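Both counts, for ligands and for their atoms, begin at 1 and track the order of listing. Note that the coordinates shown come from a computational prediction; the quantities given were computed from them, not determined experimentally.
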Amino acid sequence: MKVFKFGGASIKDANSIRNMTDIVAEYPDDALVIVVSAIGKTTNKLEQIFFKKLKDEDFSSDLDELTEYHSIIIQDLFKEPIDIDLKPVNELFTDLKSILASNVKNRNGAQLYDTIVSFGELLSSTIIGLYMQGNGMKINWVDARSLIKTDPTYREGKIDWEITESLIKETLTEKLSESNFITQGFIGSTKDGHTTTLGREGSDFTAAIFGASLDAESVTIWKDVPGILNADPKRFEKTQLYSNLSYQEAAEMTYYGASVIHPKTIKPLANKNISLLVRSFKSPSMKGTEISKGDIHDLPPTYVVKDKQCLVSFGVKDLTFINEKNLSIIFHILDKLNIKINMMQNSAVSLTVCIDYREDKVNKLLQTLENDFKILYNQDLQLITIKNYTQEAVNRVSANRDILVEQRTRHTYQIVVK
Ligand code: ASP
Ligand code: MG
């Protein structure tokens, strides 16, 4: 069996959904689990709605836009008089609206976030499943929340692998000989059935969870780029396509912020030696990039740019130096708040970390540590990493930049810039 994952851009309108359906139809002999993200930028919209709901602001125009966006796609896809009952889609909209109409004053914000944003994937998978069935394809819809079990860390659910793997195996293995399955990326649920999400852009990870649990032949991520490139073509000219990459190399690229695949995707597949293919839904006949075991040498420099970065410096308050005790206090809190350090540097009197800017987390961090340290921070920064750097590559990214931090190791060059 194989796992196919289609992200938001590959299903952003009716034509894109027809295109992804055509791709699936090219694999009649394979048992497929198809993992889909929310349509287009639906998750962003749902996030906005959630934040407005939380602040008791009017979100009705956002909700109308979201409904309208899906309705246009539905009308286009189902315009032929096919014998399909759209009740499941309508029910989802009714559920979403009733949650948004309810009183949420005393509810856990992060839990409510997961409940609301999960509708993006529930809608896309339902619409696409019905469309495929309407076109005579043998496909069943399965609720990922009944298979992917997480702890109650809302917005970043941690997978309970043992239960998840056995649920997926038990539920799907045999049935896959009769039909394909479509399911949602990004979502899961706790043991008591509360919806959780796996972190933004988590649908790739979902595909890997299904792939690893079912011992898939391969997992394919269908993207709007030809495969993995040595830089983001939206930011750099003359990019190069990798036809093969090792798990290790690809994992490191995602660690530095290469957004082409979610960082958690590689490990579960590498553990089971399952190839991860990154291919273009625009040119489905091209082979794309295969990520698998092995060493691939002499790679060109890889450029990774991470936006929305924030530099936080923790300075000692008295005339002492920063020591291991201070460091352990800071690291402990970062770990507790689930904040990942993208880069760090220390001086005699301070530690500076570069982290993703998320308002709620940064505020918590400052609140927790402001008694112990003098804290300064800058936001709206970029972290630029070059793996396998050359001097020429360094010049390319650092010329005429306002550099706040610069670091070089044997293979990796990093700067934080305005
Ligand atoms: N729809 C979710 C998001 O936009 C998950 C994903 O696309 O992978 O973050
Ligand atoms: Mg996406």
Under 3.5 Å, is there a donor on one side chain and an acceptor on the other for Thr302 and Tyr242?
yes
Yes or no on salt bridge (Lys or Arg N to Asp or Glu O under 4.0 Å) for Lys306 and Asp356, after CA distance, side-chain angles and deciding distance?
CA-CA 9 Å; Lys306 219 166 162 18; Asp356 294 350; 3.3 Å; yes
Does Gly7 come within less than 4.0 angstrom of ligand 1, counting non-hydrogen atoms of the residue?
no
Number the atoms of ligand 1 from 1 as they appear, then name those within less than 4.0 Å of a heavy atom of Arg200, with their elements.
3 (C), 4 (O), 9 (O)
If you look only at distance, which donor and acceptor atoms sit under 3.5 Å apart when one is on a side chain in residues 114-121 and the other is two or more places apart or in another chain?
| residue | atom | partner | partner atom | Å |
| --- | --- | --- | --- | --- |
| Asp114 | OD1 | Arg155 | N | 3.2 |
| Asp114 | OD1 | Thr197 | OG1 | 2.7 |
| Asp114 | OD2 | Arg155 | N | 2.8 |
| Asp114 | OD2 | Thr197 | N | 3.0 |
| Thr115 | OG1 | Gln111 | O | 3.0 |
| Ser118 | OG | Asp114 | O | 3.3 |
| Ser118 | OG | Thr115 | O | 2.8 |
| Glu121 | OE2 | Ala38 | N | 2.9 |

Would you indicate whether Lys293, at its atom NZ, is surrounded by more than 12 heavy atoms from other residues, nucleotides or ligands within a distance under 6.0 Å?
no
Could a heavy atom of His262 be found less than 4.0 Å from some atom of ligand 1?
no
With atoms numbered from 1 as shown, which atoms in ligand 1 lie under 4.0 angstrom from a non-hydrogen atom of Ser203?
5 (C), 6 (C), 7 (O), 8 (O)
Within a 6.0 Å radius of atom CG on Asp380, are there more than 12 heavy atoms belonging to other residues, nucleotides or ligands?
no
Using distance alone, determine whether Glu121 and ligand 1 share an N or O pair under 3.5 Å.
yes
Show the atoms of ligand 1 that are less than 4.0 angstrom away from any heavy atom in Thr43.
1 (N), 2 (C), 3 (C), 4 (O)
Taking the six-membered ring for Trp and the single ring otherwise, decide whether the centroids of Phe210 and Phe181 are under 6.0 Å apart.
no
Using a 4.0 Å cutoff against the non-hydrogen atoms of Phe186, which atoms of ligand 1 qualify?
2 (C), 5 (C)
Would you kindly specify which portion of Ser37 sits under 4.0 Å from ligand 1, judged on non-hydrogen atoms: side chain, backbone, both or neither?
side chain
